[in-house]
Amino acid sequence: MKVVLTVRDKEEHVLDTETRTVTVPPAGGQELAWSSPTLFRGRSPIEMRAINGDPNPPPFAGHEFSRADRLLVRVALYGDSADATVASRLVGRQGRQLATLPIAPLPGRAGFYQIDLPLQSVAPGDYVIAVEASKGAEKAEMFVAIRVSG
């Protein structure tokens, strides 16, 4: 794949251009791999219903949340994911597992999973959500850093 980056000023004059060639592995391979996570923040039951009712809701751009928020993390598992075991956990700043998080397939979206994490039970601090998939000797991991404020 070729990626062309063009920098323009406010009058749309080209200031610089760069072309790069990027090798992209096929997505349909047999090897397990996670997509980049998509984060959603709900601040009320109405917002949560809107997020869950929309097949493509707008994601939340940040990684800092209030304890009053509810966090949804959606990820896709690629590769030969049939019969794969999927798990997620909340890890503290010291690298210690604090909780096992429920992760469930997203209804109507094959290969997609969702973690629903109400943050009122999480103390303020920095955390990592670790998501793992395994099938036999094959393993895929994905990590999401979040900050919870008071």
Flag side-chain contact, heavy atom, 4.5 Å: [X] against [Y]:
X      : Y      : answer
Val75  : Ser35  : yes
Arg89  : Val91  : yes
Val144 : His63  : yes
Leu90  : Ile129 : yes
Leu117 : Val73  : no
Gln114 : Leu72  : yes

If I take atom [atom1] from residue [X] and atom [atom2] from residue [Y], how far apart are they, to the nearest 0.5 angstrom?
X      : Y      : atom1 : atom2 : value
Leu32  : Glu132 : CG    : CD    : 12.0 Å
Ser149 : Asp126 : OG    : CG    : 10.5 Å
Arg20  : Lys2   : CZ    : NZ    : 14.5 Å
Arg49  : Ser44  : CZ    : OG    : 8.0 Å
Arg93  : Arg147 : CZ    : CZ    : 7.0 Å
Leu98  : Tyr127 : CG    : OH    : 6.5 Å

Say whether, by atom type as modelled, one donor and one acceptor occur between the side chain of [X] and the main chain of [Y] under 3.5 angstrom.
X     : Y     : result
Asp69 : Leu71 : no
Thr38 : Pro59 : no
Asn52 : Met48 : yes

Is there a side chain to side chain contact (heavy atoms under 4.5 Å, CB included) between Leu39 and Phe65? Walk through the geometry before answering.
CA-CA 11 Å; Leu39 306 179; Phe65 300 90; 4.2 Å; yes

State whether the number of non-hydrogen atoms from other residues, nucleotides or ligands found under 6.0 Å of Asp83 atom CG is greater than 12.
no

Taking CG in Leu15 as the centre, count heavy atoms belonging to other residues, nucleotides or ligands within less than 6.0 Å. Is the count above 12?
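Yes, the 6.0 Å shell around CG holds more than 12 heavy atoms from other groups.
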
Nearest heavy-atom pair of [X] and [Y]: which atoms, and what distance?
X      : Y      : value
Ser66  : Gly150 : OG-O, 4.3 Å
Val122 : Arg67  : O-NE, 2.8 Å
Val131 : Ser88  : CG2-CB, 4.2 Å

Would you kindly check if the NZ (Lys) or CZ (Arg) of Arg74 is within the cone defined by 45 degrees around the ring axis of Phe40 and under 6.0 Å from the six-membered ring centre?
yes

Arg70 and Asp116 ion-paired at < 4.0 Å:
yes

Applying side chain to side chain contact (heavy atoms under 4.5 Å, CB included), run through Leu77 and Trp34 and close with a yes or a no.
CA-CA 5 Å; Leu77 182 59; Trp34 287 108; 3.7 Å; yes

